[in-house]
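Counting starts at 1 for both ligands and their atoms, in listed order. Just so we're clear, the structure is a prediction, and the values are computed from it rather than from any experiment. One is the number of the first residue; the rest follow in order along the sequence.
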Amino acid sequence: MNSILSAIIFGVCCVLVAVHAQRQSARSAISSALLRSIIQEEDCEVRPNSDIGGPTVWINMHLIGLEKLKERTNVLQAGLSVDLRWNDPRLSWDPEEYGNITNIFLPIKKIWIPDITIWQSADPTKPFFSKEQKIAQVFSTGDVLWAPKATMTVYSDMSVNNVSDSIEHRATAYLGSWMLNVGQIDIQSSQPIIDLTMMHWSPLHLENTSVSRVVQVFNEIPGFNGYPLLQLNIFATERDNSSKSVIM
Ligand SMILES: *[C@@H]1O[C@H](CO)[C@@H](O)[C@H](O)[C@H]1NC(C)=O
Ligand SMILES: *[C@@H]1O[C@H](CO)[C@@H](O)[C@H](O)[C@H]1NC(C)=O
Ligand SMILES: *[C@@H]1O[C@H](CO)[C@@H](O)[C@H](O)[C@H]1NC(C)=O
Ligand SMILES: *[C@@H]1O[C@H](CO)[C@@H](O)[C@H](O)[C@H]1NC(C)=O
């Protein structure tokens, strides 16, 4: 009698465990099916819409810190967080076919990522983007959001303002694709300035910044349309303790 009861209880437990496992595996089966439907290995080497002109990459920069290098006093170093957004139609899906999933996180090595870098960097061989942020968010519309941290070093024109007696730094940097030019990619800025909401304190006082889209043309390459780039202007002054310095 006792053994029949335990057999029944054991049987019920088995069914419950099996149902639970099936629900869990059903859930990840949807994600796995979604991944299989949107990821094609060799496709990640091909840029989105490559047959009709390529993607538009929207860039929004947030400054984390800005300083002058000790060894090279005409070089400014900026720490940034950079939001990059573009659309890749190959990565879109119908949420109703996949359990109403509207966004997923994918390793960037599985998808196409633009080769964005700082032109005329003061450290030309140093990567702009951190290697740390390896995950991008992909939406069912095919919109991709990747937000890596970045370090930029740029030469600045240093001068002394003989009215305020402060040292001024004016730096210009260009951000864009290293290989792809007009007709193959477009680069746009989401904001006319570098965003400062992530910045806490900097040894330099940031007067203003601007971000604008330019096309850099190299005349020596005939029939060449030029590169779409974002021109970043940074104007900062050195904090000093004299009475004329700007009070924060
Ligand atoms: C998805 O959303 C629709 C509309 O809200 C709903 O009718 C459907 O049951 C949902 N499907 C799943 C698998 O949750
Ligand atoms: C500041 O310096 C520049 C160049 O040395 C000079 O031409 C200018 O007159 C000076 N301005 C003032 C207000 O002293
Ligand atoms: C930045 O500030 C300087 C000096 O105040 C000004 O001349 C310049 O026009 C400003 N630039 C922008 C983009 O606002
Ligand atoms: C400003 O800094 C200099 C050198 O760091 C120091 O000698 C001077 O006393 C300081 N002045 C004031 C008003 O704190």
Checklist entry - Between Ser37 and Tyr98, does any side-chain donor sit less than 3.5 Å from a side-chain acceptor? => result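 Present: a donor and an acceptor within the cut-off.
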
Next on the checklist: Side chains of Asn161 and Ser166 only: does a donor on one sit below 3.5 Å from an acceptor on the other?
Outcome noted: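 On atom types as modelled, these side chains do not qualify, holding no pair under 3.5 Å.
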
Checklist entry - Closest non-hydrogen protein atom to atom 13 (C) of ligand 1, residue and atom name please, with distance? => result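 Minimum-distance protein heavy atom for atom 13 (C) of ligand 1 reads Gly99 CA, 3.9 Å.
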
Checklist entry - Of the protein's non-hydrogen atoms, which lies at the shortest distance from atom 9 (O) of ligand 1, and what is that distance? => result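 Checking every protein heavy atom, the shortest distance to atom 9 (O) of ligand 1 gives Asn100 ND2, 4.8 Å.
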
Next on the checklist: Below 4.0 angstrom, counting only protein heavy atoms, does anything approach atom 5 (O) of ligand 1?
Outcome noted: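 No, there is no protein heavy atom closer to it than 4.0 Å.
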
Item to check | Contact bool for atom 11 (N) of ligand 1 (protein heavy atom, d < 4.0 Å) | outcome: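 Yes, there is one.
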
Next on the checklist: Using the rule side chain to side chain donor-acceptor pair (under 3.5 Å), only one of Arg72, His169, Arg170, Lys68 pairs with Ser156; which is it?
Outcome noted: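 Of all the options given, the one that passes is His169.
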
Checklist entry - Which atom names give the shortest non-hydrogen contact between Cys44 and Lys110, and what distance separates them? => result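 Answer, listing the atom of Cys44 first, then Lys110: CB-O, 3.4 Å.
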
